[in-house]
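Worksheet for the structure shown next.
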Amino acid sequence: MNIPTELKYTKDHEWIKIEGDVATVGITDFAQSELGDIVYVEVETVDETLEAEEIFGTVEAVKTVSDLFLPLSGEITAFNEALEDEPEKVNADPYGDGWMIKMKCSDLSQVENLMSAEDYKSLIGA
């Protein structure tokens, strides 16, 4: 199970990479393996400002649809449009080519509410 130590994690299995006040968000390796083959990623919140833990989109696998929850408050600035044609990138490379959104963080103090890689490993029993 791949759980990069430089990222932060949510209880809902999203990861976030923060660079200044801009962050990249996706779902974890654990989440994509639990979902199975991902067939569609929908994000209709680009240019919207949402609060932490609000739903920013959905990911659809062969047998289920799951909501995607925002790790931090802020504005969604970009969607990984490559996922429109190749949603399987989330399965193949969840921390790289399978990223889902970029956002401008409005309250970086919320990072304290996120999990470290060690905390996330404990959550999933890894």
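When reading the values below, keep in mind they use all heavy atoms of this one structure, side chains included, and skip hydrogens, waters and symmetry mates.
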[X] and [Y]: which non-hydrogen atoms are nearest, and at how many Å?
X      : Y      : value
Asp47  : Glu75  : CA-OE2, 3.8 Å
Lys89  : Ala82  : CE-CB, 4.1 Å
Lys11  : Met115 : N-CE, 3.1 Å
Ala52  : Pro71  : CB-O, 3.7 Å
Leu108 : Gly20  : CD1-O, 3.7 Å
Glu42  : Glu44  : OE2-OE2, 3.0 Å

Would you say [X] and [Y] make side-chain contact, with heavy atoms under 4.5 Å?
X      : Y      : value
Val41  : Val90  : yes
His13  : Leu123 : yes
Phe56  : Ile101 : yes
Leu50  : Thr45  : yes
Met100 : Val25  : no
Leu72  : Leu114 : yes
Glu14  : Thr28  : no
Leu7   : Ile16  : no

Taking the side chain from [X] and the backbone from [Y], do they hold a donor-acceptor pair closer than 3.5 Å?
X      : Y     : answer
Ser33  : Phe30 : yes
Asn80  : Trp99 : yes
Gln110 : Ser73 : yes
Asn91  : Gly36 : yes
Tyr95  : Asp29 : yes
Glu86  : Leu83 : no

Between [X] and [Y], a side-chain donor and acceptor under 3.5 Å:
X      : Y      : result
Thr77  : Lys104 : no
Asp107 : Ser109 : yes
Asp119 : Ser122 : no

Practice item. Evaluate side-chain contact (heavy atoms from CB on, under 4.5 Å) for Ile55 paired with Leu68, printing each intermediate quantity in order. Key: CA-CA 5 Å; Ile55 296 170; Leu68 299 167; 5.7 Å; no
Check your understanding: Take atom CD in Glu60; do more than 12 heavy atoms of anything else shown fall under 6.0 Å from it?
Key -> yes
Review point. Can you tell me if CD on Glu6 sees more than 12 non-hydrogen neighbours from other groups inside 6.0 Å?
Key: yes
Revision key, fill the gap. Those residues at least two apart in sequence (or on a different chain) that pass side chain to side chain contact (heavy atoms under 4.5 Å, CB included) with Ala126 are Ile3, Lys121, Ile124
Review point. Would a hydrophobic clustering, with Ile, Leu, Val, Met, Phe, Trp and Tyr connected at side-chain separations under 4.5 Å, put Val59 with Val43?
Key: yes
Check your understanding: When clusters are formed by joining ILVMFWY residues with side-chain heavy atoms under 4.5 Å apart, either directly or through shared neighbours, do Trp15 and Val111 land in the same one?
Key -> no
Distance in Å, [X] [atom1] paired with [Y] [atom2], rounded so as to fall on 0.5 Å steps:
X     : Y      : atom1 : atom2 : value
Ile27 : Ser66  : CD1   : OG    : 8.0 Å
Lys8  : Asn113 : NZ    : CG    : 10.5 Å
Glu53 : Leu70  : CD    : CG    : 9.5 Å

Review point. Taking the inter-plane angle between the rings of Tyr9 and Tyr120 on a 0 to 90° scale, is it parallel (under 30°), tilted (30 to 60°) or perpendicular (over 60°)?
Key: parallel
